[in-house]
Amino acid sequence: QVQLVESGGGLVQPGGSLKLSCAASGMIFRLYSMAWYRQAPGKQRELVASITTGGTTNYADSVKGRFTISRDNAKNTVYLQMNSLKLEDTAVYYCHPWTSTYWGQGTQVTVSS
């Protein structure tokens, strides 16, 4: 049974930083490209960042230069380092193995002064 457990969200002021983690189990983690998505209230879920099995990364234009996705295959974990956070980064963040139907429960990130 595949499980994805996101953590690391919280309340942060504009300009602050957070690091999200997503621990995967029940799957061969190293064989999957992984992605972070987010969903703000009243909006559709959107792709934030992705990382392939080989470590190639891609980012949404809105987070480029501020967010960094990484993975540790030994720990079956994907990370999202978020710097220079803005009010519009407020959302529930989810990790997702590409080509799968699996989603975690999400972790709330709130950027507020």
Side-chain angles (χ1 to χ4, degrees):
Q1 181 180 353
V2 173
Q3 282 194 315
L4 300 162
V5 180
E6 298 97 337
S7 61
L11 174 64
V12 63
Q13 292 186 338
S17 297
L18 284 174
K19 186 174 184 177
L20 307 184
S21 300
C22 171
S25 60
M27 56 182 278
I28 305 175
F29 180 80
R30 59 181 172 81
L31 297 183
Y32 285 85
S33 295
M34 297 294 297
W36 283 97
Y37 285 75
R38 67 185 181 187
Q39 188 166 20
K43 294 188 176 181
Q44 288 191 330
R45 193 169 296 188
E46 63 173 352
L47 176 64
V48 175
S50 64
I51 184 166
T52 67
T53 56
T56 300
T57 58
N58 277 290
Y59 299 92
D61 288 343
S62 58
V63 306
K64 210 170 284 185
R66 300 188 298 122
F67 289 12
T68 303
I69 188 171
S70 61
R71 65 189 296 158
D72 185 338
N73 290 339
K75 295 183 178 180
N76 289 353
T77 300
V78 61
Y79 304 96
L80 187 68
Q81 176 67 48
M82 307 186 295
N83 299 328
S84 303
L85 282 161
K86 303 177 180 181
L87 297 175
E88 53 264 40
D89 294 320
T90 295
V92 179
Y93 285 71
Y94 302 87
C95 70
H96 173 62
W98 275 7
T99 71
S100 82
T101 58
Y102 306 121
W103 294 89
Q105 83 290 346
T107 186
Q108 175 70 48
V109 171
T110 302
V111 184
S112 175
S113 55

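Sorted by first and then second residue, the salt bridge (charged side-chain N to carboxylate O under 4.0 Å, His left out) pairs with a member in residues 79-88 form an empty list; sequence neighbours excluded. Within the structure, side chain to side chain donor-acceptor pair (under 3.5 Å) pairs that include any residue of residues 14-25 comprise Ser17-Asn83 (at least two apart or interchain). Within the structure, salt bridge (charged side-chain N to carboxylate O under 4.0 Å, His left out) pairs that include any residue of residues 101-111 do not occur (at least two apart or interchain). For residues 12-110, the disulfide (SG to SG under 2.5 Å) pairs, not counting sequence neighbours, are Cys22-Cys95. Applying the salt bridge (charged side-chain N to carboxylate O under 4.0 Å, His left out) test to pairs two or more places apart or on separate chains, none has a residue in residues 99-113. Within the structure, the salt bridge (charged side-chain N to carboxylate O under 4.0 Å, His left out) test picks out no pair touching residues 90-100 (sequence neighbours left out). Among pairs with a residue in residues 39-80, none fulfils ring-ring contact (aromatic ring centres under 6.0 Å, His included), at least two apart in sequence or across chains.
Of the inter-residue distances, the one linking Met34 atom CE with Thr52 atom OG1 reads 12.5 Å to the nearest 0.5 angstrom. To the nearest 0.5 Å, the span separating OH on Tyr102 from CG on Leu4 amounts to 9.5 Å. Note that CG of Leu11 is 9.5 Å distant from CD of Gln108, once rounded to the nearest 0.5 Å. Atoms CD1 and OG1, from Ile69 and Thr56 in turn, are 11.5 Å apart once rounded to the nearest 0.5 Å. Put simply, CD on Glu6 and OG1 on Thr107 are 7.0 Å apart, with the number rounded to the nearest 0.5 Å.
Among residues two or more places apart in sequence or in another chain, the side chain to side chain donor-acceptor pair (under 3.5 Å) test is passed with Ser70 by none. In this structure, Arg45 has no salt bridge (Lys or Arg N to Asp or Glu O under 4.0 Å) partners at least two apart in sequence or on a different chain. For Asp89, the side chain to side chain donor-acceptor pair (under 3.5 Å) test picks out Arg38, Arg66, with sequence neighbours left out. Scored by the salt bridge (Lys or Arg N to Asp or Glu O under 4.0 Å) test, Lys64 finds Asp61 as partners (sequence neighbours excluded).
No donor-acceptor distance shorter than 3.5 angstrom exists from the side chain of Gln105 to the backbone of Val5, with no hydrogens or angles considered.
Side-chain atoms of Leu85 and Gln13, non-hydrogen and from C-beta on, never get closer than 4.5 Å to each other. Looking at Pro14 and Val111, their side chains come closer than 4.5 Å, going by heavy atoms from C-beta outward. Side chains of Met82 and Val63 form no contact here, defined as non-hydrogen atoms less than 4.5 Å apart.
Smallest separation of non-hydrogen atoms from Ala49 and Leu80: CB-CD1, 4.2 Å. Between Phe29 and Asp72, the closest heavy-atom pair is CE2-O, 4.1 Å. Smallest separation of non-hydrogen atoms from Val109 and Gly9: CG2-CA, 4.1 Å. Scanning all heavy atoms of the two residues, the minimum distance from Ser100 to His96 falls at O-CE1, 3.0 Å.
The number of heavy atoms from other shown groups lying within 6.0 Å of CD (Gln44) does not exceed 12. In this structure, Ile28 places its CD1 atom where only 12 or fewer heavy-atom neighbours from other residues, nucleotides or ligands lie under 6.0 Å away.
The hydrophobic cluster around Val92 extends to Tyr37, Leu47, Tyr94, Trp98, Trp103, counting ILVMFWY residues whose side-chain heavy atoms fall within less than 4.5 Å of a member.
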